[in-house]
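To find a chain, count down the sequence lines: A is the first, B the second, and so on, and within it residues start at 1. Because the structure is a prediction, the values reported are computed rather than measured.
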Amino acid sequence: MKASGSTNWKGPVKFRMPTAENLVPIRLDIQFEGQRYKDAFTWNPSDADNEIAIFARRTVKDLKLPPAFVTQITQSIQSQLADFRAYEGQDMYTGEKIIPIKLDLRVNHTLIKDQFLWDLNNFESDPEEFARTLCKDLGVEDPEVGPAVTFAIREQLYEIAVQSVSSARESRLSKKSRRGSDYGSASKASGLSMDLVKLFSFKSSVVRKRKDLDVYEPMVDLLTNEEVDALEAREERHAR
Amino acid sequence: MEVTTDRSSSKDAELELELELYTIPAQSSWFVWDDIHEIERREFTEFFSESSITRTPKVYKEYRDFIINKYREDTSRRLTFTSIRKYLIGDVNLLRKVFLFLEKWGLINFLQKSDDVVVEESEAKIEQGTTPAGIRVTSTPNSTRPVIAPPLVEERAEPALTFPPLTSYSDVFKKPALVCGQPCPSHSAAFYEHNNKSNLCDKCFKNGGENNSAELIGSSAAAAWTEEETLLLLESVLKHGHDWELVAQSVSTKSRLDCISKLIELPFGDFLMGSASGRLRSSVPTEDEHLSSPSNLVQQMKTDGQEHKETETREENEEDEPPAKRKRAAMMSDGDSYLMKQVAAMACKVGPSVTTAAAKAAIAALCDEASCPKDIFETTSDYKNSAADRSVGDKDTSDIEEQQEEKEGLEDLPVGLRMRVSVATALGAAAAHAKVLADQEEREMELLVASVIDQQLKKMKSKLKFLEELEVIMDAEEKVMEGAKETIIQERISVLQSAFSGGITKRWDHTCVK
């Protein structure tokens, strides 16, 4: 049964990124003839398809890559978009789902570690704005950090959205899901969300306890060149 | 609320008073601690719609109170979203929304410059002092302690978002004003007044760079300039030209900027500055204050020239030191070219009507002084004529003496007048040359117009010819048509004849004959 009468079960909505702008995170990692092209960016799925080819050509030209990359890039983007579109027709659950999003990324010389809560149900959320505020407040000067943070957030949101689609499918099959609020089932599916009822009840405060403060605090590190090289070498080793 | 009173009671009386007062903008006076206002309800419908357990009024109030309290812990620093987000559980986007809402209404970060608008807003506030529309929000409303204004903080008197910049001020001043919106007790007492009537201290003005086209009225920079320093300056400027570093080195006691400003103020200093300081020419202390229109500029320049001559004579009379005289003489030879160049440049820049007006004015001014040069010229020409005569004829000692006397007499004329004379001749020569050129131009123009008219006539003629030919052709055709008509009629007649001879019925008769 519904708890406290305060939840509203919204019907399943069509799959989309739970952000204000429906942008798809695209990751590229192409190796060819000894050259490696790694990139991560957001793509607007409502762009025309020929834009992909144009983008690929422009990228290859700007980065002076061998022309074989054009087709590879195009293919990669197209397949990822196709995956996204495959999900688009389906339903996903939109319950209360506040999940922690973790950031642990290195962009050039900046290392960012952060954790914060994100409401998947908030379709007005804006990773770009969040990233911008983060960089501004922490005084990050490298302009590449913002987009990287945005991408990381979107990637995680995308994964969870995908999971919620599959969970929706599951619960449609099973009859048990009719009962209970969706956040319960969704949380079981993702295994990540918080115990919202406990947190937001009348008794507890919304202010975080001291012991949790460090976890949720952003940490920005500026690395020296040697450290960057060391980290890169380690990453290479892991990749292989 | 309890927190703040606890904190305040543990500090000094003065600090207590200051801590208790938080300034928020007048339009946010609806805010109360104990309740959630209608404005907040409207803004954050998601909290109040009872649609979720994570968004309840209680939660909203906690967020809000926490953020405001956090800000008031230290009102001197700007509260950033990132710093408080770690304290609160909940969707960061929602938290951000609450944060922005509070910031917009000035309930937090009211006294802080927001980074986004620092460029515009901070320039706007020239006056410092109490925030105009701010009200005092005391944490203990019923306190009997007197209300004391918060300490004036010079750099942070600007509100974050609410007031639009004063456009006239911000249009004129870019970065330099940032330093100088405030009275600068640390800077020297001299002020430069801008035509917008705001005060800059000289240091800030100089730091703003010579790009400022502000006008300088008023006393000169830093210390006074002694005679020796002035001399040194002039010499070094002559030697080094535009290299201000070397000039400053030569005039050891004065900085680079001091040198430049002193030079500007000297009456002929701007001649030395050359074309680079075209705008700075205006700085010669004159009565003219309005240099907005180019015509004024040219007139100004003309008055410059006049005053320049006058000051020369004045200085001459004051018996300046030899170097200064030498300076002037040397400069005059250069001055001509500068002068001419300036005139030419200005004439190019402004429109022709303006140039004519300026030329007329200049001529009028020169004619006023015409009496003196005329005399001089007449004596000179007389002298020349007489010299020519006498060189032909026999030379008497008396004649030679006369010549010598005349020569001396000529030289007795003050140097200043000779200067004026030579300048006047230079300008006159330029005027004559200009007239010649103008006549040439006119003739050329007439020639061109005539050729244009010629061409038009030719066109007309050829068109007429064409039409005539057409007419001829038409006539010929008409004849042919007539001929054809005749033959047709003939044929018809013959047909009818044969028809009649063959015999036709009455009825048919009618139709045929028709």
Side-chain angles (χ1 to χ4, degrees), chain A residues 2-10 18-20 95-101 114-127 129-130 133-139 153 181 183 194 196-210 212-220, chain B residues 3 36 43-71 73 77-104 108-109 112-118 160:
Chain A
K2 291 187 190 157
S4 319
S6 54
T7 42
N8 222 351
W9 186 66
K10 294 194 196 120
T19 56
E96 285 291 345
K97 200 142 57 148
I98 297 193
I99 49 150
I101 298 226
D114 198 0
Q115 186 175 343
F116 45 87
L117 297 172
W118 198 278
D119 182 3
L120 286 178
N121 211 18
N122 184 1
F123 282 85
E124 289 169 3
S125 59
D126 198 345
E129 265 306 311
F130 179 81
T133 313
L134 184 70
C135 292
K136 193 174 79 171
D137 289 344
L138 295 176
I153 298 174
S181 350
Y183 57 86
M194 328 274 297
L196 296 170
V197 186
K198 213 191 334 177
L199 270 177
F200 286 91
S201 72
F202 276 108
K203 271 188 248 154
S204 66
S205 156
V206 181
V207 182
R208 197 165 272 137
K209 300 203 176 39
R210 273 198 185 275
D212 292 333
L213 277 183
D214 294 327
V215 180
Y216 284 90
E217 192 169 359
M219 214 179 55
V220 176
Chain B
V3 182
I36 301 173
E43 180 87 17
F44 294 105
T45 48
E46 55 260 24
F47 280 109
F48 301 102
S49 63
E50 293 183 23
S51 56
S52 77
I53 56 163
T54 57
R55 299 170 193 192
T56 59
K58 165 184 170 285
V59 166
Y60 168 71
K61 190 163 184 303
E62 274 202 68
Y63 285 162
R64 180 195 77 182
D65 295 346
F66 186 88
I67 297 176
I68 296 183
N69 276 324
K70 202 74 182 148
Y71 167 66
E73 273 177 23
R77 62 138 169 74
R78 186 164 175 269
L79 191 67
T80 58
F81 171 65
T82 310
S83 53
I84 52 127
R85 99 161 124 89
K86 64 182 185 232
Y87 290 104
L88 295 169
I89 301 176
D91 178 28
V92 287
N93 294 289
L94 201 57
L95 278 172
R96 190 157 174 276
K97 204 169 161 193
V98 176
F99 183 85
L100 289 175
F101 172 78
L102 293 174
E103 198 172 26
K104 181 183 99 175
I108 58 174
N109 288 343
Q112 310 307 321
K113 273 187 272 203
S114 103
D115 292 325
D116 297 332
V117 296
V118 71

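Within the 3.5 Å criterion, the main-chain N or O of B:Thr82 finds a donor-acceptor partner in the side chain of A:Asp137.
Proximity to chain A is limited to the side chain of B:Phe66, based on heavy atoms less than 4.5 angstrom apart. Looking at B:Arg85, the atoms closer than 4.5 Å to chain A (heavy atoms on both sides) sit in the backbone and in the side chain alike. For A:Ile101, no part sits under 4.5 Å from any heavy atom of chain B, backbone or side chain. In this structure, the portion of A:Gln115 lying under 4.5 Å from any heavy atom of chain B is its backbone and not its side chain.
Qualifying side-chain contact (heavy atoms from CB on, under 4.5 Å) partners for A:Glu217, counting only residues two or more places apart in sequence or in other chains: A:Asp214, B:Lys86. B:Tyr60 is linked by a ring-ring contact (aromatic ring centres under 6.0 Å, His included) to B:Phe44, B:Phe47, B:Phe48, counting only residues two or more places apart in sequence or in another chain.
How far CG of B:Leu88 is from OH of A:Tyr216: 12.5 Å, rounded to the nearest 0.5 Å.
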